[in-house]
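Just the heavy atoms: all of them, side chains too, but no hydrogens, waters or symmetry mates, feed the values below. Letters go in sequence order (proteins before strands), and every chain restarts at 1.
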There are 2 protein chains.
Amino acid sequence: MRITIRDVARRAEVSVATVSRALGSPDRVSEATRDRVLAVVRELGYRPSPAARSLITGKTGAIAIVVPDLGNPFFTGLLKSVQARARETGHAVLVGDSDEDPATEQELVRTLAKQADGVLLCSPGIDDATITELDGLTSLALLNRRVAGIGATVMDSAGGMREVVAHLAALGHRLAYLNGPDSSWSNHERLRGLRPAAAEHGVEIVELGPFAPRYEDGSPAADQALAAGVTAVLAYNDVMALGVLARLRDRGVDVPGELSVTGFDDLVYAAVSAPPLTTVAMPLAEAGSDAVDLLLAHAATDPAGRVVTELPTRLVVRATTARAPGYHR
Amino acid sequence: MRITIRDVARRAEVSVATVSRALGSPDRVSEATRDRVLAVVRELGYRPSPAARSLITGKTGAIAIVVPDLGNPFFTGLLKSVQARARETGHAVLVGDSDEDPATEQELVRTLAKQADGVLLCSPGIDDATITELDGLTSLALLNRRVAGIGATVMDSAGGMREVVAHLAALGHRLAYLNGPDSSWSNHERLRGLRPAAAEHGVEIVELGPFAPRYEDGSPAADQALAAGVTAVLAYNDVMALGVLARLRDRGVDVPGELSVTGFDDLVYAAVSAPPLTTVAMPLAEAGSDAVDLLLAHAATDPAGRVVTELPTRLVVRATTARAPGYHR
DNA sequence: GTGAAAGCGCTAACAT
DNA sequence: ATGTTAGCGCTTTCAC
């Protein structure tokens with residue numbers, strides 16, 4: 001707000017256009033003037049006003065990301081990677097947390113659309129039609145969600161789920177799956193891997209829930225799984241699985257002796273739970289970085305390259321899974 | 001970028017000034033005109049350009065927060081609360097992650113200063129002088145850090161540490177403290193509580209480290225603590241404590257039978273570690289919200305009310321602390 | 001209560 | 001290679 005391009009121009013005895021060029025396209029200015037201008041810039045500590053620049057270029061120099069819950073390490077893992085990559089490309093990062101509410105998510109996208117060059121939407125909850133509509137407002141890229149016609153970076157959760165089922169089937173289990181939110185795209189993906197895999201391996205599977213993907217919701221979920229009389233429970237994600245583990249411990253159930261448990265996401269904290277959690281690792285760092293590149297590329301070109309990148313996931317076997325009780329193969 | 005105030009003005013058959021007023025100061029327009037304008041606004045889906053508005057008002061409608069590590073739930077807990085409160089006040093949130101590098105932190109503040117109405121700095125690492133300098137650039141508020149003359153919201157870690165020491169002293173322990181980063185303000189605060197408390201209770205205390213506050217760094221820290229022959233180890237924070245716990249399990253050390261362990265922060269995941277971690281709870285939600293209010297109030301008024309709010313912490317005893325081996329009181 | 005007009009700080013033609 | 005100038009979309013005096 002203080003020192004403007006005019007101050008620099010006056011001090012360097014050039015026109016404002018030259019200052020602008022010295023900063024923006026250094027090769028369109030003679031070396032001598034450029035050096036002089038840059039010296040003054042440094043001397044005065046001048047930084048161009050993003051608002052003024054933005055007004056004319058139509059670019060804000062920022063990207064936005066909206067997530068359902070900043071309390072979930074899955075999303076903050078993505079966020080960390082997104083902000084790192086954005087910084088490399090010289091973009092600031094705006095963040096919106098919807099608290100798992102699709103309506104808020106939508107409003108967030110609408111607001112942030114005006115303040116950013118594009119928005120990364122990480123929303124298992126909003127319906128496809130709304131997402132398509134939102135896509136018109138700004139350059140949009142999806143994170144871990146697939147909607148026809150919109151660029152996205154997804155992680156192969158169906159594949160991860162297939163690995164989990166194969167692992168558990170080999171141990172002789174009867175399975176219960178703890179559903180995440182009903183309308184969640186991620187939950188559908190889990191099921192898309194789960195059901196065929198269960199059929200293929202000929203294992204029983206009872207579906208419970210839906211449950212909110214919160215730590216606290218692990219308790220009722222655990223209770224229901226116990227009541228269902230299964231030998232292994234597959235939680236929608238690690239946060240829920242951790243909650244299940246806590247409840248199981250409270251109820252004195254031996255994991256994995258009496259009951260095996262699996263999560264999804266491989267949060268750092270999955271490794272320190274009691275016992276360490278068998279789960280599916282998601283390539284968060286890569287996904288976040290890729291999504292930024294996708295968004296920026298898309299923002300540059302016309303709605304041409306609507307790419308969808310799918311990143312592989314990987315089963316991580318730790319200590320919450322073992323042979324089913326009474327299974328001796 | 002699409003539809004502007006002019007489109008609305010034309011359609012509502014008023015001047016742009018009236019549209020602006022209808023939106024900004026509804027009482028300076030007749031009710032009839034206002035309704036007509038607002039109807040058109042809704043019909044066209046018009047949203048004022050933040051850039052244009054910002055250029056003239058000098059306000060951006062955003063605040064920024066810079067933290068050392070978005071991978072640490074302590075900071076994302078703060079972030080979540082900050083973003084929630086900011087949204088209530090109609091502000092967007094820019095986030096910067098320095099990856100624990102003070103130089104990056106500084107650069108982040110300088111950059112974000114121009115794009116936000118104020119920045120919330122959460123930096124245990126930057127030195128006081130630099131912070132004071134940064135304060136000149138923009139309206140700055142500190143989170144969990146105290147620097148003379150700058151508004152801040154801090155949490156009473158010294159007090160929390162005193163509680164930990166009292167707890168452990170009563171159990172007959174010889175203590176080791178695993179230092180966080182040397183230059184970290186939070187670490188100094190821990191020590192400020194630790195040393196006098198240890199003296200007061202007449203307990204021994206060996207200081208180890210410094211260690212980076214990362215999960216991985218828990219391993220060497222655990223090894224050193226073991227070598228030091230103490231009966232209880234106080235980690236700088238939960239992330240480190242969780243790493244210590246993992247290492248201890250690998251080495252077959254019984255916690256809390258042979259060794260007691262405490263953390264700091266009370267991350268959700270502290271409750272699911274093996275065993276559940278005794279730690280100090282920090283009022284993250286309140287701190288984040290207060291910090292936003294402080295920042296916004298300060299941004300409004302002149303550098304007048306340089307307030308520092310201190311929020312209380314609380315010891316949470318779980319299962320990683322027990323009587324020292326051989327102590328029978 | 002409403003409109004006309006002057007910029008906010010900057011970039012991008014268009015001249016030179 | 002450099003300068004002049006016309007706005008970007010909006011808010012805000014200043015008239016009416």
Legend entry - Salt-bridge contact B:R110-B:E107 (side-chain N to carboxylate O under 4.0 Å): no

Inset, instruction - Look at all strands and tell whether A:T33 reaches a base, only sugar-phosphate, or nothing, counting heavy atoms closer than 4.0 Å. - result: sugar-phosphate

Inset, instruction - Kindly say if B:T18 contacts the phosphate of C:dT2, meaning a side-chain N or O under 4.0 Å from OP1 or OP2. - result: no

Inset, instruction - Check the distance between C:dG1's C1' and B:D35's CG and give it to me in whole angstrom. - result: 15 Å

Inset, instruction - Among D:dT13, D:dC8, C:dG9, find the nucleotide with the atom closest to the side chain of A:R6. - result: C:dG9

Inset, instruction - Starting from the 5' end of DNA chain D, give me the residue, A:V16 or A:R34, whose nearest nucleotide shows up first. - result: A:R34

Legend entry - Sugar-phosphate only, base, or nothing, as touched by B:S30 at under 4.0 Å among non-hydrogen atoms: sugar-phosphate

Legend entry - Check: C:dG9 base within 3.5 Å donor-acceptor of A:R2 side chain: no

Legend entry - Presence of salt bridge, A:D128 and A:R145, under 4.0 angstrom: yes

Inset, instruction - Decide, yes or no, whether a salt bridge links B:R11 with B:E43 under the criterion of side-chain N to carboxylate O below 4.0 Å. - result: yes

Legend entry - A:I56 side chain, from C-beta outward: closest of D:dC10, D:dT2, D:dG7: D:dG7

Inset, instruction - State whether a side-chain donor-acceptor pair under 3.5 Å links A:D117 with A:T60. - result: yes

Inset, instruction - Could you work out which one of C:dC10, C:dT2, D:dC10 sits closest to the side chain of A:T4? - result: C:dC10

Legend entry - Which nucleotide in D:dT2, C:dT2, C:dA5 has an atom nearest any side-chain atom of B:A17: C:dA5

Legend entry - OP1 or OP2 of D:dG9 under 4.0 Å from side-chain N/O of B:S49: no

Inset, instruction - Ignoring backbone atoms, test whether A:S20 places a side-chain nitrogen or oxygen under 4.0 Å from the OP1 or OP2 oxygen of C:dT11. - result: yes

Inset, instruction - Report yes if a side-chain nitrogen or oxygen of A:S15 is closer than 4.0 Å to either non-bridging phosphate oxygen (OP1 or OP2) of D:dG3; otherwise report no. - result: yes

Inset, instruction - Go through D:dC10, C:dG9, C:dA13 for me and flag the one nearest to the B:L55 side chain. - result: C:dG9

Legend entry - B:E310 with B:R146: basic N within carboxylate O range, under 4.0 Å: yes

Inset, instruction - For C:dT11, take OP1 and OP2 only and decide whether either is under 4.0 Å from a side-chain N or O of A:R53. - result: yes

Legend entry - B:K59 NZ - C:dC8 C1' separation (whole Å): 14 Å

Inset, instruction - Return the value, rounded to whole Å, for the distance between atom CG of A:L23 and atom C1' of D:dT2. - result: 16 Å

